[in-house]
A.B. asks: 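Got a structure for you, questions after.
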Amino acid sequence: MHEMALSRELAALIEAEAAKHRAARVTRVVLEIGVLSHVDGGAMAFCFDACTRDTVAEGAALTIEQPPGQAWCLDCGDTVAIGKRGDSCPCCHGHRLMVTGGEDLRLKEMELV
Amino acid sequence: MCSVCGCGDGETRVDGAEVRKEAPGRDHGQGHGQAHGGHQPHPHHHGRAHDHAHGHDHVHMPDGTVIHYGQGPAGVSVAGLDQPTLVRVERDILGKNDAIAARNRAHFARHGWLVLNLLSSPGSGKTTLLVKTLEALGASVPTAVIEGDQETTADADRIRATGVPALQINTGKGCHLDAGMVADATATLHPPHGATVFIENVGNLVCPAGFDLGEALRVVVASVTEGEDKPLKYPQIFAKADLVLVNKVDLLPHLDVDVEALVDNARKVNPGVAVIRLSARTGAGMEAWLRWIEAGRILKCAAE
Ligand SMILES: Nc1nc2c(ncn2[C@@H]2O[C@H](COP(=O)(O)OP(=O)(O)OP(=O)(O)O)[C@@H](O)[C@H]2O)c(=O)[nH]1
Ligand SMILES: [Mg+2]
Ligand SMILES: [Zn+2]
């Protein structure tokens, strides 16, 4: 459950950003977790509460955006959409795919008061 | 310590000495209790475009399904007094680890260390392979080993029995090594210039995948007793590998496993990944593995 360690990093990032903006509280946090990233959105949400307790982000609403997976098909020479790693190319059904998108794990936005 | 998710704070030890304290005062037990109550996901369909103004926790699934994790902001803001402002942050959550990993990589290059990160499920044969590898390498190159396990110094003891310096990191409840732990460990071990340094990650096919340690090469050990489907079930770890070592091939006569399918599956998530079939027990395939390490040294260290 590496999501716990990542949530701790996230809480520290939020604290630092909130301090930079002199915010009293953080009321919303928008996370991006690509569907091909190594992180589970549910587990991340589960750990978020624990890691933001007694911080400026305690009780903040959490929105998780999950951009779809993207890959470059070496055989089609084109960008294609994939749902998960190991999927075949939707056009040629080959497996020579290099993942190009949907891997990110980012703190995107925060709503501050 | 958290008994729910199995992750804990401040328990990382390097050879018995506690090295890091995480933020104190978080009651994980209670936090999880709340999370269990408040975060029961229920899928539902979301007909309109994404709108940041709505006030509830949710997950946007790629197919338009949304899973909600809570009933809305628990805090109260005083209307008319505080105008909420939305700020774009765009910061990588692994940014801190990645920055330390980049520092490690530069540090390793300065010392001419070839650093390999070995990942696998528990018991695939990492330590056995390392012992055999160190014996085969002998005094031809300086070597050192960093061992990662939740508990015990057993693996570092097995390495030290070969005469090679080893350092044990105990992650406590932690499920993976991170770049900071490896920075601490290499500072302590400090092998001679040009050494080959093996890091045995915590036996776990999931969590270590996302954590760059600053290694030059990533090796996933998959033993044939685990079955051919593991690359598709745990794709993250196989996707980032430079080499898949298929271990315990001496057991093939006793098993139904389809090794060709295992290799095909690894290449479905990582086209072109190098594969070596090997038995740490009989030594079959060891030559190819040692040549691969040497080639790695030439590729990664020649440029320095
Ligand atoms: N038959 C056979 N057994 C092996 C081979 N390699 C390792 N083993 C056995 O597999 C068991 C686990 O080996 P370890 O080397 O401790 O595995 P590990 O990956 O280091 O385990 P953890 O550090 O606990 O994750 C031991 O009983 C080894 O003797 C092999 O090539 N063939
Ligand atoms: Mg071991
Ligand atoms: Zn294609």
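Values reported hereafter were calculated over all heavy atoms of this structure, with side chains retained and with hydrogens, waters and symmetry mates removed. In what follows, every chain begins at residue 1, and chains take the letters A, B, ... in the order their sequences are listed.
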A.B. asks: For residues A:L97 and B:P271, report the shortest heavy-atom separation together with the two atoms involved.
C.D. replies: O-CG, 3.4 Å
A.B. asks: Taking it one step at a time, do B:V87 and A:E109 satisfy side chain to side chain contact (heavy atoms under 4.5 Å, CB included)?
C.D. replies: CA-CA 6 Å; B:V87 296; A:E109 300 182 343; over 6 Å; no
A.B. asks: Take B:R91 and A:E17 through the test side chain to side chain contact (heavy atoms under 4.5 Å, CB included) and record every step on the way to the result.
C.D. replies: CA-CA 10 Å; B:R91 289 188 60 183; A:E17 288 292 326; 2.9 Å; yes
A.B. asks: Below 4.5 Å from any heavy atom of chain B, which atoms of A:I33 appear? Answer side chain, backbone, both or neither.
C.D. replies: neither
A.B. asks: Just so I understand: if I count every heavy-atom pair under 4.5 Å between each of B:D264, B:N97, B:T85, B:L232 and chain A, which residue has the most?
C.D. replies: B:T85
A.B. asks: Return yes if some donor-acceptor pair links the side-chain N/O of A:E32 with the main-chain N/O of B:E90 below 3.5 Å, else return no.
C.D. replies: no
A.B. asks: I'd like to check A:H2 versus B:V206 (side-chain heavy atoms, cut-off strictly below 4.5 Å). Are they in contact?
C.D. replies: yes
A.B. asks: So, for A:L105 and B:D92, which heavy atoms are closest and what is the spacing to 0.1 Å?
C.D. replies: O-OD1, 3.2 Å
A.B. asks: Heavy-atom distances under 4.5 Å only: say whether A:L74 touches chain B with side chain, backbone, both or neither.
C.D. replies: neither
A.B. asks: Could you tell me the separation between the CD1 atom of B:I93 and the CG atom of A:L6, rounded to the nearest 0.5 Å?
C.D. replies: 7.0 Å
A.B. asks: Taking it one step at a time, do B:Q236 and A:V39 satisfy side chain to side chain contact (heavy atoms under 4.5 Å, CB included)?
C.D. replies: CA-CA 10 Å; B:Q236 300 296 338; A:V39 172; over 6 Å; no
A.B. asks: Is B:F238 in contact with chain A via its backbone, its side chain, both, or neither, using a 4.5 Å heavy-atom distance?
C.D. replies: neither
A.B. asks: Roughly how far, to the nearest 0.5 Å, is CG of B:N270 from CZ of A:R85?
C.D. replies: 9.0 Å
A.B. asks: Checking heavy atoms, do the side chain of A:S37, its backbone, both or neither come under 4.5 Å from chain B?
C.D. replies: backbone
A.B. asks: Would you give the length of the straight line joining atom NZ of A:K108 to atom CG of B:L86, rounded to the nearest 0.5 angstrom?
C.D. replies: 10.5 Å
A.B. asks: To the nearest 0.5 Å, tell me how far A:E3 CD sits from B:C207 SG.
C.D. replies: 6.5 Å
A.B. asks: When you check the gap from the basic side-chain N to the acidic O, do A:E103 and B:K240 get nearer than 4.0 Å?
C.D. replies: yes
A.B. asks: Which of the residues A:I14, A:D104, A:L36 is involved in the greatest number of heavy-atom pairs with chain B at under 4.5 angstrom?
C.D. replies: A:L36
